[in-house]
Amino acid sequence: MLAMLDSEVAPATTLKPRMHTSPINMSTTSVTSFTVDTGIYEGQKPGTSGLRKAVKIFQQEHYTENFVQAILQALGDQLSGCTLVVGGDGRFYGKEAVNKIIRIAAANGVRKLIIGQNGILSTPAVSTIIRKYKTQGGIVLTASHNPGGPDADFGIKFNCDNGGPAPDNITNKIYEITKTLESYKIIPDISVDIDKIQNISIKVDGKPFTIDIIDSVKDYLELMKEIFDFASIKKLLHGSADKPAFKVLIDSMNGVTGPYVKRIFSTELGVDDTSLVNITPLEDFGGLHPDPNLTYAKDLVNAIKQGPYDFGAAFDGDGDRNMILGKKAFFVTPSDSLAVLAANLKLIPYFQKTGIKGFARSMPTAAAIDRVAAKYGVQFFEVPTGWKYFGNLMDAKDLSLCGEESFGTGSDHIREKDGIWACLAWLNVIAGLGKSVEDILLDHWKIYGRNFFTRYDYENCNAVSADKMIQYIEISIQKPAFIGKKLQYEGKEYVVKRADNYSYTDPVDGSKTAKQGLRILFEDGSRIIFRLSGTGSSGATIRMYIDSYENDPATFVKDAQLVLKPLINIALEISELHQHIGRDAPTVIT
Ligand code: VG1
Ligand code: CO
């Protein structure tokens, strides 16, 4: 258990902060900051998307405080007098963390905090608010799709002033600070009712400090209304004289999107409340694993299979992921979703205004969007896994639309992937094309061919064995004789064209990121990819990605698992996965 290592380091305390039990009258208050000596916790290293650990790890004395102090110190010159946005996905420990951030930020010279009511802000909403109010950044309290509750996970992520997840140079800086931190600053006296929309100003060490508790939804809703054609979506959803109503079922999986879904789909678009499920954010997500895929969003899949619905969508805990389904639960892979949106982007008012600057996908994402980029002559980028790698391209105005196979889709309207945005984008496109989800896909494949894709996840593996397996594969695929090798399974043959450990040079700032996944590329464009997850909180998760292109229309309607079976088996053989980690089957297949 990797995570347990952290708790073995007991920090030294010399001063315990005083705590008031009831809120003090903030309007007249002037308070003074304290310095608290702390000890160092090992392993406060942000992964693919922030620091994610078990709640019990974050609850250790000074653990959360240390990390928050490190984030603030990493702001350097920007810290004094800055404004930060704070909010999270509503999971257990979130409110406690917000209060700690208020006390620590105030003591560190932050001038203003903008906080979502109840501590609730979806990840895309944080990005929206940072950009709209031009703040110096934000702190997102989420472990995204990881389960929540006292025995599950928590997470803290820092977003920069462009609204995007901190890039590697910043997260490395934060980590370096955690390794030498001797103390943090705090004002133990501050206690704020974050459930109430209000504006509070006090003096901290003689300087003004403001807390703005805001409506969690308002700014995000306004942005969505600027981007999409709400009138045509509304017409689609309610039908007209010649068209029946288009029935949707939206599942927030008890995550943060609940209040957003209610306001956008019910209040604005008039969708019946019975078509919006799990829309109350719960601290433990009601025991759900809030990850929108065919395994964890089974209830939605079954309801759509059996019900009268034309469309289904689900979102993850913090609202940045999405899954799109058509009638009878016709599944749109995230890679296809991205390609279809790319091909139809001009139907969305926002892109009519901004134009289409470029497309991008993460390396393991199937190459379907590459074909759309080629057809339209739009510039295209491939980046490592993690949304932070799209940010520079967007800031440089080189990128309009991007996505990841892990149910992440988004655009340059903000600097995070955006679940509700993807759902609205699909509805806007469907309204424009006047076709079913399935027909849109079938027509798309007729033009571009189909990239079959699957991802096998082996969760909670022994970390040492997983590392050994990755090393083993790397050595095997880098032998010169591997190139040109013919790999066969049940009569299908694939010829190795190239194999490497993926590395990326950011075209905007030239920064290099190495060892981002082992790739085996075949002559026909098919790919096998292995990488280790950077978002788990214990043990190791191995991800195996398979991408294969077919242009024979007879294969388009076939089951992906069937079409990909030869490559899947070749991948299992090359990696000797069973021998290394003793698993016969993956935990999750997407
Ligand atoms: C996973 C996904 C990656 C995504 C990341 C954060 O990372 O593969 O594509 O960007 O989660 O998503 P990893 O390192 O576990 O493969 V979220 O919605 O959890 O913020
Ligand atoms: Co997420």
Side-chain angles (χ1 to χ4, degrees), residues 2-13 17 34-76 78-79 82 84-89 91-110 113 115 119 123 126 136-144 146 148 153-160 165-188 318 388 534-538:
L2 250 183
M4 293 313 291
L5 280 176
D6 305 307
S7 57
E8 286 163 12
V9 189
T13 322
F34 278 80
T35 297
V36 177
D37 288 347
T38 187
I40 287 159
Y41 281 101
E42 283 173 8
Q44 291 197 323
K45 187 173 169 52
T48 311
S49 187
L51 181 70
R52 285 186 200 176
K53 302 276 179 196
V55 165
K56 297 221 153 51
I57 303 281
F58 277 98
Q59 283 172 326
Q60 296 170 95
E61 191 173 33
H62 307 313
Y63 188 92
T64 300
E65 288 84 344
N66 279 11
F67 192 66
V68 172
Q69 179 71 36
I71 288 175
L72 296 177
Q73 271 176 225
L75 276 162
Q78 279 199 310
L79 173 61
C82 75
L84 297 175
V85 180
V86 182
D89 59 16
R91 71 178 58 224
F92 183 83
Y93 195 64
K95 283 192 176 181
E96 216 170 312
V98 170
N99 271 304
K100 287 187 181 198
I101 292 168
I102 293 173
R103 294 179 183 130
I104 297 166
N108 276 278
V110 170
L113 291 178
I115 301 172
T123 294
V126 171
Q136 281 68 44
I139 301 177
V140 201
L141 305 166
T142 175
S144 187
N146 297 22
D153 287 348
F154 190 71
I156 303 183
K157 187 170 89 162
F158 179 67
N159 280 28
C160 298
D168 291 333
N169 64 325
I170 308 274
T171 54
N172 289 339
K173 195 168 163 192
I174 295 171
Y175 178 50
E176 288 308 315
I177 295 170
T178 67
K179 292 198 283 189
T180 54
L181 196 76
E182 289 179 350
S183 63
Y184 58 85
K185 287 185 187 166
I186 194 159
I187 300 168
D318 64 326
K388 56 191 168 192
T535 55
S537 62
S538 66

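On a predicted model such as this, the values are computed, not experimentally measured, just so you know.
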Minimum heavy-atom separation for [X] and [Y], please, with both atom names.
X	Y	answer
Gly43	Tyr63	O-OH, 4.4 Å
Ala74	Ile177	N-CD1, 3.6 Å
Asp153	Ala143	CB-CB, 4.0 Å
Asn66	Gly39	ND2-O, 2.9 Å
Phe34	Pro188	CD1-CD, 3.5 Å

Calculate, to the nearest 0.5 Å, the distance between atoms [atom1] and [atom2] belonging to [X] and [Y] respectively.
X	Y	atom1	atom2	value
Lys179	Ile40	NZ	CD1	10.0 Å
Ile170	Ile71	CD1	CD1	11.5 Å
Lys388	Thr171	NZ	OG1	5.0 Å
Ile186	His62	CD1	NE2	9.5 Å
Glu65	Gln60	CD	CD	11.0 Å
Phe67	Thr178	CZ	OG1	7.5 Å

| said: So does Ala54 get a backbone contact from the side chain of Gln59, meaning a donor-acceptor N/O pair under 3.5 Å? | reply: no
| Between Asp89 (side chain) and Arg91 (backbone), is there a donor-acceptor pair under 3.5 Å? | yes
Does the side chain of [Y] come within less than 4.5 Å of [X]'s, by heavy atoms?
X	Y	answer
Leu75	Val110	no
Asn159	Pro165	yes
Ile156	Leu141	yes

Run the side-chain contact (heavy atoms from CB on, under 4.5 Å) test against [X] and tell me which residues pass, sequence neighbours left out.
X	value
Asn99	Ile102, Arg103
Ser49	Arg52, Lys157
Ala107	Ser33, Lys185, Ile187

| said: Tell me every residue that passes ring pair (Phe, Tyr, Trp, His ring centres under 6.0 Å) with Phe154, counting only those two or more places apart in sequence or in another chain. | reply: Phe58, Tyr93
| said: Just to verify, what does Gln73 make a side-chain hydrogen bond (donor to acceptor under 3.5 Å, both in side chains) with, not counting sequence neighbours? | reply: Gln69
| Who are the side-chain hydrogen bond (donor to acceptor under 3.5 Å, both in side chains) partners of Lys95, not counting sequence neighbours? | Asp195
| Derivation of the side chain to side chain contact (heavy atoms under 4.5 Å, CB included) call for Val140 and Asp318 | CA-CA 9 Å; Val140 201; Asp318 64 326; 5.7 Å; no
| said: Could you walk me through whether Val36 and Ser183 satisfy the side chain to side chain contact (heavy atoms under 4.5 Å, CB included) test, starting with their C-alpha distance in whole Å, then the side-chain angles of each, then the deciding distance to 0.1 Å, before giving a yes or no? | reply: CA-CA 5 Å; Val36 177; Ser183 63; 5.9 Å; no
